[in-house]
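Values reported hereafter were calculated over all heavy atoms of this structure, with side chains retained and with hydrogens, waters and symmetry mates removed. So that the names make sense, note that chain A is the first sequence line, chain B the second, and so on, each numbered from 1.
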2 protein chains.
Amino acid sequence: MSLSEANQDYLKAIYKLRAHGTVTTQALADRLKVAPPSATAMIKKLAALQLVTHTPYYGVQLTQTGEKIALEIIRHHRLVETYLTEVLGLGWDQAHIEAERWEHILSEEVEARMDAALGSPTRDPHGAAIPTLNGEIAVDDWTRLSEVSGGENLIVRRVSDENAELLGHLREIGLVPGAHVAVQRAVGAEGTLHLEIEGQAHVFGIAPARFVYVETLDETL
Amino acid sequence: MSLSEANQDYLKAIYKLRAHGTVTTQALADRLKVAPPSATAMIKKLAALQLVTHTPYYGVQLTQTGEKIALEIIRHHRLVETYLTEVLGLGWDQAHIEAERWEHILSEEVEARMDAALGSPTRDPHGAAIPTLNGEIAVDDWTRLSEVSGGENLIVRRVSDENAELLGHLREIGLVPGAHVAVQRAVGAEGTLHLEIEGQAHVFGIAPARFVYVETLDETL
DNA sequence: CATTGAATTTAGTTGCGGCTAATTTCTTTT
DNA sequence: AAAAGAAATTAGCCGCAACTAAATTCAATG
């Protein structure tokens with residue numbers, strides 16, 4: 001029994017939205033750019049397959065099986081993304097778009113070959129953890145750049161890959177995993193962040209800063 | 001306007017069946033393993049898109065546009081097949097199965113990267129010509145091994161890749177592009193072919209021999 | 001506590017690409 | 001030339017995954 005692409009997309013979306021346990025129909029519909037009734041219908045199908053539990057008018061939650069499948073898809077996505085950038089030299093944003101399609105058709109065999117060719121990477125190019133074959137995934141406790149109150153010693157650890165356009169911009173200004181950042185002036189009334197990226201001064205919107213995760217070395221000292 | 005996978009599959013099938021100009025509904029249905037009415041319905045859609053011309057109760061034929069698209073898909077298929085075997089080390093049969101899925105989702109960008117990584121190959125691992133970006137394809141005038149009346153100096157040029165199981169077997173016994181073959185005794189009553197592959201004697205069924213193309217060096221002398 | 005409003009679900013439709021059963025058309029045979 | 005048989009098409013249906021419009025349910029507010 002194999003799942004349709006739509007099924008897989010929903011599971012992945014639920015996984016990514018599961019921050020506080022339960023995912024609303026609306027959030028799901030928004031993320032997948034479908035109308036709410038479409039999400040309701042799919043939720044019922046996934047519930048029938050025991051991949052999610054659904055409490056009507058409340059929300060949906062992945063079962064163990066559902067989460068495992070979601071992690072498989074995310075593993076595919078991130079491995080492909082890594083492969084496309086590292087081996088075929090695609091840009092970040094391009095790689096993300098491609099991976100959205102590839103993740104559904106990747107066989108175990110090719111997955112294994114790509115994994116081997118890359119030396120079993122644990123992070124994709126944006127710094128996101130790649131789940132293992134067994135469905136384990138590293139938990140990061142990094143801070144969103146938008147929530148840093150100020151500090152000199154930050155290292156970019158991850159840039160969320162949901163938005164291709166944003167992704168391209170971030171790469172351009174050097175906001176990539178490993179980059180050193182210092183916040184000079186925190187969020188002001190205008191919603192801007194004054195920061196220094198590898199020595200270069202930048203003014204940065206608060207919105208995109210929500211998708212950049214940093215490790216705050218100050219605190220760990 | 002982009003074509004669905006089903007559309008693409010039909011165009012490819014029509015291209016491969018177009019040997020004598022026109023393709024019957026039945027042949028198409030058989031090849032795609034669908035019922036004849038399904039083929040009829042799709043033919044109508046493709047005709048409406050001006051990708052084929054349809055003469056009811058007679059057959060279907062690709063238009064120039066249709067053929068060009070078919071060749072694009074075949075290019076994708078053969079490039080991917082080559083990439084999977086040469087770069088990722090997959091077996092022939094496995095690569096073919098994968099390529100059936102990949103051909104539909106390959107972007108121009110990745111196509112170009114794979115092509116470059118392989119040095120713009122003109123043949124896939126089975127010896128089939130890879131169409132160019134412009135939709136040109138080499139025409140081969142090789143002979144089917146099943147139609148060779150006898151001869152000492154044959155070189156395998158191509159092994160048709162339609163059947164994964166057969167493909168695996170052919171590779172095992174060394175019947176691969178470049179192999180030297182000599183036919184010792186042509187098709188007998190039992191429908192067998194006695195031949196020598198790189199010095200090794202083999203008895204070979206007539207059926208699989210239809211999918212092996214050889215260059216007859218005897219004649220060219 | 002009743003009402004309002006937003007989120008969710010139900011009801012009913014659509015397009016796609018399959019299917020079976022029935023009909024039509026062409027070809028071949030008598 | 002008529003009849004039989006095979007191939008193709010039409011008619012009508014199904015599952016999937018989307019949609020809009022209408023109902024329902026929950027929560028929040030007066």
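For the residue pair P121(A) and L79(A), the shortest heavy atom distance occurs at CG-CD2, 4.0 Å.
H76(B) NE2 to I130(B) CD1: the interatomic distance, rounded to the nearest 0.5 Å, is 11.5 Å.
The main-chain N or O of A129(A) is found under 3.5 Å from a side-chain atom of R78(A) such that the two form a donor-acceptor pair.
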Exercise. When every nucleotide of nucleotides 5-18 of chain D is labelled 5' to 3' by its protein contacts under 4.0 Å (heavy atoms), B for base, S for sugar-phosphate only, - for none, what sequence of letters results?
Worked result: --SSBB------BS
For this session: With salt bridge (charged side-chain N to carboxylate O under 4.0 Å, His left out) as the test, would you mind laying out the steps for R113(A) and E109(A) before giving the verdict?
Result: CA-CA 6 Å; R113(A) 304 274 178 158; E109(A) 183 64 30; 2.9 Å; yes
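Counting only N and O atoms by type, the side chains of H104(A) and D9(A) include a donor and acceptor under 3.5 Å apart.
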